[in-house]
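Data block below; observations after.
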Amino acid sequence: MTRSAGRSAALVAAGIFVSRLVGFVRERVFAHYFGNSAAADAVRAALKIPNLIRNLLGEGTLSASFIPVYARLLESDDPKAARALAGAVASILLIASAAAALLGIALAPAITAIVAPGFDPEQRRLTVTLVRIIFPGSGLLVLAAWCLGILNTHRRFFLPYAAPALWNVTQIAVLVAVGARFAGGDLAVWLAWGVLAGSLLQLVVQVPQAVRLAGGVAFHPSFQVSGVPDVLKAWTPVVIGAGVAQISSLVDTQLASLLPTGAVASLGYAQLLTNLPIALFGVSVAASSLPELARDAAGAQAQEALRARLSEGFRRIVYFVLPCAVAFAVIGRPLVRLLFETGRFGTEDVALVSGVLAAYSVGLVGWATVKLFASGFYALGDTRTPVVTAASSVVLSVVLSYILMQRLGPAGIGLGAGIAALFNTTMQLVQLQRRIGRVLGPADWRAAGRVAAASVVSVLAALGAALVSAPAGMVATALATWAVFGAAYLGITNLLGHPEAATLLRVLARRTAP
């Protein structure tokens, strides 16, 4: 990666790390008060559809369609046109979000029946109440995604990815404040109000800087503004593609609701862990690369520039994500115990979530790299191909998950989704290479091979550390296991000459120097 692109990715990763770190605290507090109870399942299900709306209209889809057009207007030295585009898109989003929120409140019973058909009547009533409280927050988060698009295009990466920490902090505050007085469904209702308040805070903290960088924003919901037709033309297939991916997540929840109590919640706990490396290294690289990829595609020698940037992004993602996948599969249990075993979250819950985490780890590299390859298509103005590959992977995911859950329970759902994720990223890579030539060469695959070998050796060393430290207790075991794994992996990859290891060591040396 170029120095500027690497710095941008680091800022995205730093923002995401802050948000996810607070998210882990939220999940531990959530686990303490809810465990894998029926109320926990209801909260997870209630969040599913609002999150779907946010993902359909928000961060991922908006950045893919809005940033290339907005960046192009800025590059053409037409700030008035860029400002007009930003205002029109914000206005359209405001109207669409308000309409979606009102519709969600009205259709909460039907939404609950679709999301969690296996819930009993009491769980279903609670979930309907939670959906009605939480749903307006989805519109606020869609508007926050507009802020992200503006900030990212102007190379302000930290704030929009750190802002979700406020969403988490608000929920933590609610649980700590009232968790001793309320339990079960009553506590879930309090938490839902915390979710809504957190959504508002996440938006408010970004608005001033986004409006300033956009040069001011006027309410003007017009489809005739220059650039808006281009955004909508690109947005439509991206939304369809995101919808396809969200259908897969929705089906996972539906299938889990048919399993015994705790299955839906266990998917949520495991996804929190798997989403961390995806967000830190997959999303950070893809998000910081999209504006640059869009500029590459518009310049001379576009294909060569795209190939080089995608190749560097792939090596960077694999270096960080593949070892996480191996570690989650083999030494995930101590981490699950450390993070979640408290209050109502007991030993059986640890075993259930650890199994789901190991299953999800199969698709970790697929979920992380598919965002980078999709950014390559978006930069080329092709939003259709990612939709087609995602749709085929969803079909595969549903079929495999249904078959595997019969024998493996919720872990079968994770395994089916993981296999489908690998299929999806493979198909995207194949299609991308047909468009611009070979993206990944022998050097990239050799680097991936070194990463895989180092991961296996490191996890064996970590298993030894787990055995030695077991008598010292849960915290010591988890810390020793993962510390040995990380140190061994960094040392081995440095000896093998991986460039990312050398870069990481230089950064660590600067941070620890007096």
Side-chain angles (χ1 to χ4, degrees), residues 10 13-14 16-28 31 269-282 284 316-342 345 347 350-351 353-358 360-361 364-365 368 447 450-514:
I16 290 172
F17 180 75
V18 170
S19 175
R20 295 307 170 97
L21 183 63
V22 181
F24 279 118
V25 176
R26 181 205 70 205
E27 286 298 310
R28 182 167 177 82
Y269 289 118
Q271 287 167 358
L272 177 76
L273 287 167
T274 56
N275 284 341
L276 180 62
I278 293 171
L280 281 177
F281 309 115
S284 65
R316 187 180 185 88
I317 290 172
V318 169
Y319 178 79
F320 289 104
V321 174
L322 182 55
C324 292
V326 174
F328 284 156
V330 181
I331 55 173
R333 189 183 182 97
L335 185 61
V336 172
R337 287 193 66 196
L338 178 65
L339 292 175
F340 303 129
E341 190 174 12
T342 177
F345 196 101
T347 303
V350 169
V353 173
S354 298
V356 176
L357 177 63
Y360 271 129
S361 69
L364 209 59
V365 172
R450 292 196 295 270
V451 165
S455 300
V456 171
V457 175
S458 300
V459 84
L460 291 175
L463 286 173
L467 291 173
V468 172
S469 60
M474 175 183 67
V475 175
T477 299
L479 294 178
T481 301
W482 282 81
V484 167
F485 175 80
Y489 177 73
L490 180 57
I492 294 170
T493 52
N494 185 55
L495 289 174
L496 293 175
H498 198 291
E500 291 296 335
T503 301
L504 186 56
L505 284 171
R506 284 196 299 271
V507 171
L508 292 174
R510 287 199 300 269
R511 294 290 185 270
T512 56

Exercise for the section: Applying salt bridge (Lys or Arg N to Asp or Glu O under 4.0 Å), name anything that partners Arg333, two or more places apart in sequence or on another chain. Expected result: none

Quick one: closest heavy-atom pair of [X] and [Y], and the distance?
X: Thr477; Y: Ala470; result: OG1-CA, 3.4 Å
X: Ile331; Y: Trp482; result: O-NE1, 3.2 Å
X: Val321; Y: Pro277; result: CG2-O, 3.8 Å
X: Leu272; Y: Phe24; result: CD2-CD2, 3.5 Å
X: Ala476; Y: Ala472; result: CB-CB, 3.6 Å
X: Val356; Y: Ala270; result: CG1-CB, 3.5 Å

Treating [X] as the side-chain partner and [Y] as the backbone partner, does any N or O pair qualify as donor plus acceptor under 3.5 Å?
X: Asn494; Y: Leu490; answer: no
X: Ser354; Y: Ala351; answer: no
X: Arg28; Y: Leu338; answer: yes

Practice task
Evaluate side-chain contact (heavy atoms from CB on, under 4.5 Å) for Leu364 paired with Cys324, printing each intermediate quantity in order.
Solution key: CA-CA 8 Å; Leu364 209 59; Cys324 292; 4.0 Å; yes

Heavy-atom side-chain contact between [X] and [Y] under 4.5 Å:
X: Leu273; Y: Leu339; result: yes
X: Thr493; Y: Arg450; result: no
X: Ile317; Y: Glu500; result: no
X: Glu341; Y: Thr347; result: yes
X: Leu335; Y: Thr481; result: no

Exercise for the section: May I ask you to check whether Tyr489 and Tyr319 place their ring centers less than 6.0 Å from one another? Expected result: yes

Handout entry: Point-to-point distance, once rounded to the nearest 0.5 Å, from OG of Ser19 to CZ of Arg26
Key = 8.5 Å

Problem - Distance in Å, Leu463 CG paired with Ser458 OG, rounded so as to fall on 0.5 Å steps - result: 11.0 Å

Handout entry: ring pair (Phe, Tyr, Trp, His ring centres under 6.0 Å) involving Phe485 - partner list, sequence neighbours excluded
Key = none

Practice task
Indicate whether any N or O donor in one side chain lies under 3.5 Å from an N or O acceptor in the other, for Glu27 and Tyr269.
Solution key: no

